[in-house]
Amino acid sequence: MGAVIERQELHDAAQKAFPADALKPNRDESWKLVTEMGWLMLSLAEDAGGLGLGRDSAAAIHYEMGKALGTAPLIPAMATVQAIGAATDLADQAGWIERVTTGEFVTTNLSAGDVTGDGDALSGTLPAVPDADMASHVMLANPGRAALVPLDAPGVTVTERPLWDESRRLFDVTLDGYVLDPALVMATGAAAEALTRRLKGEMIFALAADSLGGANTILDLTVEYLKTRKQFDRPLGMFQALQHRCADLKVLIGAAEALLWSRAMQPDATMAEIGGLKAHATEVYRWVCEEAIQLHGGVGLTEEMYCHLFMKRANLNVQLGGNADLWRELVGREALAAAE
Amino acid sequence: MSEQTDLDQLRSQVRAWLDANKPRDWRALSRTQDDFVKTQRDWFQKLVKAGYAIPHWPAKWPGGGRSLAEQKVIYEEIARADCPRLLLSFVSTYHAFATLHECGTPEQQDHYLPRILEGETWCQGFSEPNAGSDLASLKCKAERKGDVYVVNGQKIWSTMAQFADRCLLLVRTSSDGPKQAGITYLLMDMKSPGVTVRPIHQIQGDEEFAEIFLDNVEIPVSERVGEEGAGWAVANATLASERGLTLMELSYRMRGAAWRIAELIRKNGREEDAGVLRDFGKLVTQLDVATAIADQFLENRIKGIEGAGDASIVKNTYARALRDYSLLGLRLGGLDEQYVKPITFGDLNTGNWMADFMNSYAWTIAGGSDEVQRKIIAEKMLGMPKEPKGWVL
């Protein structure tokens, strides 16, 4: 019961700070604001000095950021703060926690990389690293080892990859014989794997929440448009053919949200359960956006209209953190094993 | 916190009782309609005696006085134990009960409620051949003659009317004014002279519904519920009487039946077929979604929260998932599913995939079709403008 009230408070606070009628707010100002509001502390464990709130609280923030097409890199940030708080080997962990909860940004990759290396000299690329231009470090979560890599170190190159999605920025981080700093190793062995799983789970969950927030806004905007745009002497929204399509979208979003909030209250949810949710939520978002453009008609294809912003973000969300092909296969495999 | 402990205790009680008493072979004993009716009647009587049949009735009835949270626990356990759903007694324990409880006279309540517990079966005489989604346009006519109404007309889609003792009947007593205002609610003895019941042969070989023909049927005025002309209000007050329990129960059952698809995948040696695994994975998440929304709806009602259109989202989500579940089974089952196999009455996830597919239409058409739900969602939730009344060619 307490958790539900707290979640609603977070929704309200986030809506106030990032109203959905001011889409795609300035990133640097947003980052300052989220730091001031203490959101980076939300999911950090209590013994590490955070608020220790559950996944539902982080999801509430990501959901609201999705609604407003938020630009601050909260998805990697909230996950790396948690990971730093839970790191087993990190030297000066307390100092790190202090830094990353007060505005220093540690990013991480949202797509699988190919970093390999002998000993501590690493080479390869981490793709889809959000906002590396404002980050001090990238968290490298490799099987067997989790570590922080300074983005200005020798052997580290950061390259921006222009995106269709205008509300986000992604970079490739390339390592060429980069030598790990032992003081920046977060965990090794089984502890590193647990940390990696946790980091990934949080980000995938966040993408599901972001998607359903965004789907809500674009459906609301579409319905409002259909109520005002007139053809044949009546609002388009009076045509039942269009009403039914909007109703179907509402059903999809409403039902997907039920799974989002129920899984958010299930701390032991498996990767397959979170991934299945992510696949579903992002596909719902993508479909709502596809329909939104068609329901707007020609104006939906213009840059001045908002439809494309959501559509582009939705398509990116589908791919980040593994797409539906990946997660659905895993869900199927596990459900098959469970029915043995 | 203690409320939670009470619920946990109830859960263990129900679980223990079901372990000892649940019918284990009910599917095999439900291959014909008559056998199905018999298994339903036996199961209902067992549940009545155990105090789990009518948890939503007032406390003065055995097993009554349960909160919605407690009702949810009982239904969850019955679904998890894979016991038969109470289908034959559904209209009597929910619709007839709610109608009598909320709008009936004390005499009507004292007369009928004990009989329902003894197993009297009720059916609903609402839909007509020309009054489906537009129920208020019904035409079955009742004329008052002294102490009786003389009723003439036809009803259709009445669930298991061929086994019913009583009928909740909507009739037209006036054609003046708005169509809703001329409707009256009557309780009819199905053995009255002039009543003919004809089962409807459905495409899957089932006879779950029947038509009722009324030819000068005399119904005493004392069998009227509410005032003359108040029938529409009475019907609306009691239609939602099951409060989301059915869809929660059905979603749990469907989720619990995902193993039937897994069995097919194994039978056909498709365990490493990534495409099949993805389709299965997609379905499993869809079943989780259906369960989550049904659960959330009921949890919200327990807290007293319900928005216009919420129930429509639950219904359309379940109906779509049920159809998709049967379609995946049908596809994976291959040609084999095109050969006729025995059907199981009273279950929607039987593994007879053609029958399950055909049965799934019950949930996209009955109880307010998908299209009617979409209209409710568009108008009540999204605030989209109503279509103008009146039809101009």
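In what follows, chains are A, B, ... by sequence order, proteins preceding strands, each numbered from 1. Only a predicted model underlies this, so the values are computations on that prediction, with no experimental measurement involved.
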Pick from A:Ala335, A:Cys246, A:Ala255, A:Gly276: which one has the most heavy-atom pairs with chain B under 4.5 Å? A:Ala255

Taking it one step at a time, do A:Gln240 and B:Lys386 satisfy side chain to side chain contact (heavy atoms under 4.5 Å, CB included)? CA-CA 9 Å; A:Gln240 207 175 53; B:Lys386 281 190 180 189; over 6 Å; no

Most chain B-contacting option - heavy-atom pairs closer than 4.5 Å, from A:Glu224, A:Arg263, A:Glu334: A:Arg263

Shortest non-hydrogen pair, B:Leu382 vs A:Lys250, comes out as CD2-CD, 3.8 Å

Sub-4.5 Å side-chain heavy-atom contact between A:Arg328 and B:Leu277: no

Structural part of B:Ala274 lying under 4.5 Å from a heavy atom of chain A: both

Is any side-chain heavy atom of A:Val331 closer than 4.5 Å to a side-chain heavy atom of B:Lys282? no

Need one label for B:Glu387: side chain, backbone, both or neither, based on atoms under 4.5 Å from any heavy atom in chain A. both

Part of A:Leu226 within contact of chain B (heavy atom distance under 4.5 Å): side chain

Grab the two heavy atoms, one from A:Ala247 and one from B:Ala378, that are nearest each other, plus how far apart they are. CB-N, 4.2 Å

Inspect the surroundings of CG in B:Asn268 and state if more than 12 heavy atoms from other residues, nucleotides or ligands are less than 6.0 Å away. yes

Below 4.5 Å from any heavy atom of chain B, which atoms of A:Arg234 appear? Answer side chain, backbone, both or neither. side chain

So which residues of residues 316-334 of chain B are in contact with chain A at a heavy-atom cut-off of under 4.5 Å? B:Asn316, B:Thr317

Side chains of A:Met238 and B:Pro388: does their closest heavy-atom pair fall under 4.5 Å? yes

Which atoms form the tightest heavy-atom contact between B:Thr285 and A:His280, and what is the distance? CG2-CB, 3.8 Å

Of the backbone (N, CA, C, O) and the side chain (C-beta and beyond), which part of B:Ile265 lies under 4.5 Å from a heavy atom of chain A, both, or neither? side chain

What's the shortest heavy-atom distance between A:Lys227 and B:Pro385, and which atoms? CG-CD, 4.2 Å

To the nearest 0.5 Å, what is the distance between CD on B:Glu379 and CD on A:Gln243? 5.5 Å

Okay, B:Glu371 and chain A: the region with an atom under 4.5 Å from a heavy atom over there is both

Here the pair of heavy atoms bringing B:Lys375 nearest to A:His244 is N-NE2, 4.1 Å

Could you pull out the closest heavy-atom pair between B:Met384 and A:Val223, with the gap in Å? CG-CG1, 3.9 Å

For A:Asp268, I'd like to know if atom CG has over 12 heavy atoms of other residues, nucleotides or ligands within 6.0 Å. yes

Are the side chains of A:Val251 and B:Arg374 in contact, using a 4.5 Å heavy-atom criterion? no

Is B:Gln286 close to chain A through its backbone or its side chain, or both, or neither, when contacts mean heavy atoms under 4.5 Å? neither

Which bit of B:Val289 is near chain A, if near means a heavy-atom gap under 4.5 Å: side chain, backbone, both or neither? both

